[in-house]
K.L.:
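Handing you a structure now.
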Amino acid sequence: MTARAGKGSGANRVRAVRLAGAALRRRSAGLSLIELLVVLGVVAVTASVAAPNLHDLIRAQQLRTASGELYGALQLARSQAIARNERVTITTNDPFGRDWSRGWTVFVDRDDNRRPNDGDEILALRPPLAPGLQVGYSFTSTATPQYIAYNGAGRSCSATNSAASRLGTLSLFHGGQIRRIKINMLGRARLCNPAYERGCDGAAAPS
């Protein structure tokens, strides 16, 4: 009796170990339906919270890129005007000469009409900006086509008179954020953020 009882209890223990192992394998093999629903719910809530912040980050990066490229285009126009000792112009690619979000062109304006033509030398061409980006323009003269020109001394000037100083501000807007490029009477450009810097005023966002 004792030997049979020992053998039975041993078999029961082996069976119990096998059943526990099988249950553990089933649990580790995957999630239950309830657990899966809970995980999906947490992911959905996290994504909905993170999405607005992600959009803000993307817009901020697009604004920094566009303002940096426009600032670089102004620096190129100025340096080329000094190197060539002739007037170099940057203007919007908008056919009506108003919308800077359509991109811009840096060129040597041979015929002094403020628009790049066949006889002009193109130095740089920027395609349209990211959707939603807007650019405001505030200079001593706002007549179209809008432009910034530099004379051989590196000063911002009129397209019709290289001795006439022209100063103003280009303002870029995207997702409630602003960057401005201010050009002083000597033609020097300064990139600034009105949220943190004084003296960084300029045009309001285009309507």
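For clarity, every value in this text was computed on a predicted model and none was experimentally measured. The figures that follow rest on heavy atoms only: side chains count, while hydrogens, waters and symmetry mates do not.
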K.L.:
More than 12 non-hydrogen atoms from neighbouring residues, nucleotides or ligands closer than 6.0 Å to CZ on Arg115, yes or no?
P.N.:
yes
K.L.:
Please tell me whether Gln61 and Thr65 have a donor and an acceptor in their side chains that are separated by less than 3.5 angstrom.
P.N.:
yes
K.L.:
Linking I/L/V/M/F/W/Y whenever any side-chain heavy atoms sit under 4.5 Å apart, do Ile148 and Leu76 land together?
P.N.:
yes
K.L.:
Starting at CD of Gln177, measure out to CD of Gln62 and round the result to the nearest 0.5 Å.
P.N.:
10.5 Å
K.L.:
Tell me, please, which residues at least two apart from Glu121 pass side chain to side chain contact (heavy atoms under 4.5 Å, CB included).
P.N.:
Arg84, Val108, Arg110, Leu123
K.L.:
Going by side-chain hydrogen bond (donor to acceptor under 3.5 Å, both in side chains), name the residues that satisfy it together with Asn117, two or more places apart in sequence or in a different chain.
P.N.:
Asp111, Asn113
K.L.:
Taking Ser156 for the side chain and Leu167 for the main chain, is one N or O donor matched with an acceptor at less than 3.5 Å?
P.N.:
no
K.L.:
List in chain and number order the residues that pass side-chain hydrogen bond (donor to acceptor under 3.5 Å, both in side chains) with Asn161, two or more places apart in sequence or in another chain; answer none if no residue qualifies.
P.N.:
none
K.L.:
Would you name the heavy atoms of Ala77 and Val88 that are closest together and state the gap between them?
P.N.:
O-CB, 3.6 Å
K.L.:
Please tabulate, for the side chains in residues 194-203, all donor-acceptor contacts under 3.5 angstrom to protein atoms that are two or more places apart in sequence or on a different chain.
P.N.:
| residue | atom | partner | partner atom | Å |
| --- | --- | --- | --- | --- |
| Glu197 | OE2 | Asn193 | N | 3.0 |
| Asp201 | OD1 | Lys182 | NZ | 3.4 |

K.L.:
Would you say the side-chain atoms of Thr160 and Ser158 include a donor-acceptor pair closer than 3.5 Å?
P.N.:
yes
K.L.:
Any disulfide bond (SG atoms under 2.5 Å apart) pairs touching residues 73-182, not counting sequence neighbours?
P.N.:
none
K.L.:
When you group the ILVMFWY residues by side-chain heavy-atom contacts below 4.5 Å and let the links chain together, are Leu70 and Leu63 in the same group?
P.N.:
yes
K.L.:
Taking all atoms of both residues into account, what is the closest heavy-atom pair of Ser67 and Ile181, and its distance?
P.N.:
O-CD1, 3.7 Å
K.L.:
Determine, stepwise, if the pair Ile183 / Tyr150 fulfils side-chain contact (heavy atoms from CB on, under 4.5 Å).
P.N.:
CA-CA 11 Å; Ile183 301 174; Tyr150 287 95; 3.9 Å; yes
K.L.:
Any disulfide bond (SG atoms under 2.5 Å apart) pairs touching residues 79-154, not counting sequence neighbours?
P.N.:
none
K.L.:
List in chain and number order the residues that pass side-chain hydrogen bond (donor to acceptor under 3.5 Å, both in side chains) with Arg179, two or more places apart in sequence or in another chain; answer none if no residue qualifies.
P.N.:
none
K.L.:
Transitively linked via ILVMFWY side-chain contacts under 4.5 Å: Val106 with Ile82?
P.N.:
no
K.L.:
In Å, rounded to the nearest 0.5 Å, how long is the span from CG of Asp120 to CG of Asp109?
P.N.:
5.0 Å
K.L.:
Is Trp100 linked to Ile178 within one hydrophobic cluster, defined over Ile, Leu, Val, Met, Phe, Trp and Tyr using a side-chain heavy-atom separation of less than 4.5 Å?
P.N.:
no
K.L.:
Could you list who else is in Ile122's hydrophobic cluster, with ILVMFWY side chains joined at under 4.5 Å, directly or through other members?
P.N.:
Phe107
K.L.:
Name every donor-acceptor pair, under 3.5 Å, that has one atom in a side chain of residues 126-139 and the other anywhere in the protein, sequence neighbours excluded.
P.N.:
| residue | atom | partner | partner atom | Å |
| --- | --- | --- | --- | --- |
| Arg126 | NE | Glu69 | OE1 | 2.4 |
| Arg126 | NH1 | Pro128 | O | 3.1 |
| Arg126 | NH2 | Glu69 | OE1 | 2.8 |
| Gln134 | NE2 | Pro206 | O | 3.2 |
| Tyr137 | OH | Tyr147 | N | 3.3 |
| Tyr137 | OH | Tyr147 | O | 2.8 |
| Tyr137 | OH | Arg166 | NH2 | 2.8 |

K.L.:
Sequence neighbours excluded, which residues qualify as salt bridge (charged side-chain N to carboxylate O under 4.0 Å, His left out) partners of Arg87?
P.N.:
Asp112
K.L.:
Are Leu191 and Leu172 connected in the hydrophobic side-chain network, where two residues link if heavy atoms are under 4.5 Å apart?
P.N.:
yes
K.L.:
Is there a donor-acceptor contact under 3.5 Å linking the side chains of Arg98 and Thr144?
P.N.:
no
K.L.:
Who are the salt bridge (charged side-chain N to carboxylate O under 4.0 Å, His left out) partners of Arg64, not counting sequence neighbours?
P.N.:
none
K.L.:
Does some side-chain heavy atom of Arg155 sit less than 4.5 Å from a side-chain heavy atom of Arg78?
P.N.:
no
K.L.:
Please determine whether the number of non-hydrogen atoms from other residues, nucleotides or ligands lying under 6.0 Å from atom CZ of Arg180 exceeds 12.
P.N.:
yes
K.L.:
For Thr91 and Pro145, which heavy atoms make the closest approach, and how far apart are they?
P.N.:
OG1-CB, 4.4 Å
K.L.:
Just jot down the salt bridge (charged side-chain N to carboxylate O under 4.0 Å, His left out) partners of Asp94, sequence neighbours excluded, or say none.
P.N.:
Arg102
K.L.:
Looking at every heavy atom in both Ala73 and Ile90, which two are closest together, and how far apart are they?
P.N.:
CB-CD1, 3.5 Å
